[in-house]
Protein chains: 2
Amino acid sequence: MLNETAMAALEQTGATEPEKRIRDRSATERAILKAAKNLLAEEGFQNFGINAVARRAGCDKQLIYRYYGGLDGLVEAIGADLGNWVKDRIPEDTGGMFLLTYGDLMERLSLLFLEALRDDPLMRRIVAWEISENTEQVRRLSEARSKALGLWLDRMRGSLTPPKGIDTAAVNALIFASIQHLVLSAAAGGQCAGLVLKNGKDWEKAATALKRLVRGVYG
Amino acid sequence: MLNETAMAALEQTGATEPEKRIRDRSATERAILKAAKNLLAEEGFQNFGINAVARRAGCDKQLIYRYYGGLDGLVEAIGADLGNWVKDRIPEDTGGMFLLTYGDLMERLSLLFLEALRDDPLMRRIVAWEISENTEQVRRLSEARSKALGLWLDRMRGSLTPPKGIDTAAVNALIFASIQHLVLSAAAGGQCAGLVLKNGKDWEKAATALKRLVRGVYG
DNA sequence: CCGGTCTGTCACCAATCGGTGAGTAACAGT
DNA sequence: ACTGTTACTCACCGATTGGTGACAGACCGG
């Protein structure tokens with residue numbers, strides 16, 4: 001992979017070493033996984049393939065087959081990290097405010113999720129992948145993600161009792177769906193349903209609208 | 001393209017004609033466009049390419065270059081049809097009910113949009129395409145779609161005045177985003193954020209949740 | 001030192017992709 | 001009937017894809 005550049009460097013300077021790859025399996029595995037995640041985050045799933053990952057990782061694709069059993073295994077490894085997403089990207093505390101009602105909770109969670117998704121290109125790509133394809137790969141990824149999200153939601157709810165007479169599962173699904181689509185659409189084209197979403201001010205308006213929506217159902 | 005099968009038929013029966021393609025440019029153009037739309041609707045944008053469209057249309061890909069100027073032109077032709085989508089798929093009348101308030105209107109529009117999107121695989125693929133890629137192709141498609149949607153929204157609103165003090169643009173964007181993501185997610189994996197969406201009963205629950213959401217903000 | 005295992009590289013495969021240039025068959029005008 | 005245009009097909013191009021088998025060198029136990 002880097003042979004050409006390395007050779008060129010050698011010919012030019014005659015000093016620099018050929019940048020030999022060290023023999024460290026776990027390091028290579030980590031490099032591959034990292035390359036895959038970065039590639040997926042930056043390029044999207046359209047050009048996500050064995051060759052592209054190997055190229056970015058700077059190693060031969062054969063190693064991906066050996067260490068991960070191909071792309072499927074690699075994707076699964078990515079999914080394994082997804083369980084830590086919530087823990088990594090979303091603060092545990094309640095931001096110093098007391099969440100007295102279910103409405104308080106959902107408002108806070110919605111805004112947290114909005115921000116977290118906005119800041120994580122990889123997760124955005126995965127969500128986009130989920131609704132664009134229906135392969136086994138994606139299904140596993142999707143499962144891991146929704147499970148992690150559900151656990152987070154349960155944990156944050158704590159002992160708060162949801163309001164009676166409302167199908168919270170359906171309503172919350174709609175709320176989170178709206179957040180996901182808003183963020184994805186904005187990331188792709190800078191707008192959503194005609195609503196421009198580029199600078200911070202635009203997002204503030206979206207956030208207040210979201211709050212209003214949540215408060216509308218949950219009071 | 002059908003030469004092989006035609007030849008085989010000839011060898012077997014010795015009677016059937018070689019299924020010769022008639023020389024009718026406009027018919028061929030229509031066949032190509034139809035093939036492209038069907039292909040996009042059924043297979044998605046992953047395998048949407050010149051070769052695949054030509055294969056499905058049963059003609060040579062050269063004709064796509066000649067008649068549409070390549071895939072871009074073909075996509076643009078698809079986008080041109082998008083303006084008629086609302087007219088074709090969404091009923092004009094108010095369903096026999098009087099829409100007195102803005103809330104009445106938005107509830108009705110939301111449900112109409114939900115159903116229409118659920119029934120149109122092509123439109124679903126386009127929406128999924130929009131949030132997955134950001135090429136010029138998709139941008140034009142997206143533009144045509146959002147413009148048609150906006151016109152429909154304006155027309156249906158009529159002389160109804162939106163409520164004061166609410167950023168209806170942002171709120172409506174969120175509502176429509178939730179619908180789109182819900183439908184796309186369901187079409188891909190049969191569920192959305194853990195909410196199963198398969199049989200009619202599931203969708204009824206989603207519809208009531210949507211109504212509740214809309215009524216929450218708009219009363 | 002020798003032999004085997006582990007890590008990494010390389011060359012090659014068939015298939016498919018988008019794209020093009022040349023050719024053929026049917027038609028229309030004269 | 002000759003001619004030019006239109007509609008269409010075919011063969012080929014280079015590039016890239018996923019995938020595999022063979023090989024080279026480092027390391028380690030004997």
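Letters A, B, ... are given to chains in the order of the sequence lines, protein chains preceding strands, and every chain is numbered from 1. Note: hydrogens, waters and symmetry copies are ignored here, and every other heavy atom, side chains too, is used.
- The side chain of Asp60(A) has dT9(C) as its nearest neighbour among dG19(D), dT9(C), dT17(D).
- Salt bridge annotation for Arg25(B)-Glu29(B): present, with a cationic side-chain nitrogen under 4.0 angstrom from a carboxylate oxygen.
- A side-chain N or O of Tyr218(A) and one of Asn172(A) form a donor-acceptor pair less than 3.5 Å apart.
- The aromatic rings of Phe176(B) and Trp152(B) lie perpendicular to each other, with more than 60° between the two planes, well past the 30° mark.
- Atoms CD (Gln46(B)) and C1' (dT16(C)) sit 16 Å apart, rounded to a whole Å.
- Ion pairing of Glu107(B) with Arg212(B) is absent here, as no side-chain N (NZ or NE/NH1/NH2) approaches a carboxylate O to less than 4.0 Å.
- Of the residues in residues 23-41 of chain A, Arg23(A), Asp24(A), Arg25(A), Thr28(A) come within less than 4.0 Å of DNA chain C through at least one heavy atom, sorted by number.
- Spacing between atom CG of Leu74(A) and atom C1' of dG18(D) amounts to 14 Å, rounded to whole angstrom units.
- Within residues 61-69 of chain A, the residues having any heavy atom closer than 4.0 Å to DNA chain D are, in order of number, Lys61(A), Gln62(A), Tyr65(A).
- Evaluation of the side chain to side chain contact (heavy atoms under 4.5 Å, CB included) rule for Ala41(A) yields Pro121(A), Leu122(A) as partners, not counting sequence neighbours.
- In this structure, CD1 of Ile50(B) is placed 10 Å from P of dT20(C), rounded to the nearest angstrom.
- Residues Arg139(A) and Glu136(A) are paired through a salt bridge, judged by an N-O separation under 4.0 Å between the basic side chain and the carboxylate.
- Under a 4.0 Å N-O distance rule, the pair Lys37(B)/Asp81(B) qualifies as a salt bridge.
- Between dG18(D) and Asn51(A), a contact under 4.0 Å exists linking OP1 or OP2 to a side-chain N or O.
- Rounded to a whole Å, the CG atom of Leu71(B) is 13 Å from the P atom of dT20(C).
- Atom CG of Asn47(B) and atom P of dA15(C) are 18 Å apart (whole Å).
- One finds a salt bridge joining Glu130(A) and Arg145(A) here, because a Lys/Arg side-chain nitrogen approaches an Asp/Glu carboxylate oxygen to under 4.0 Å.
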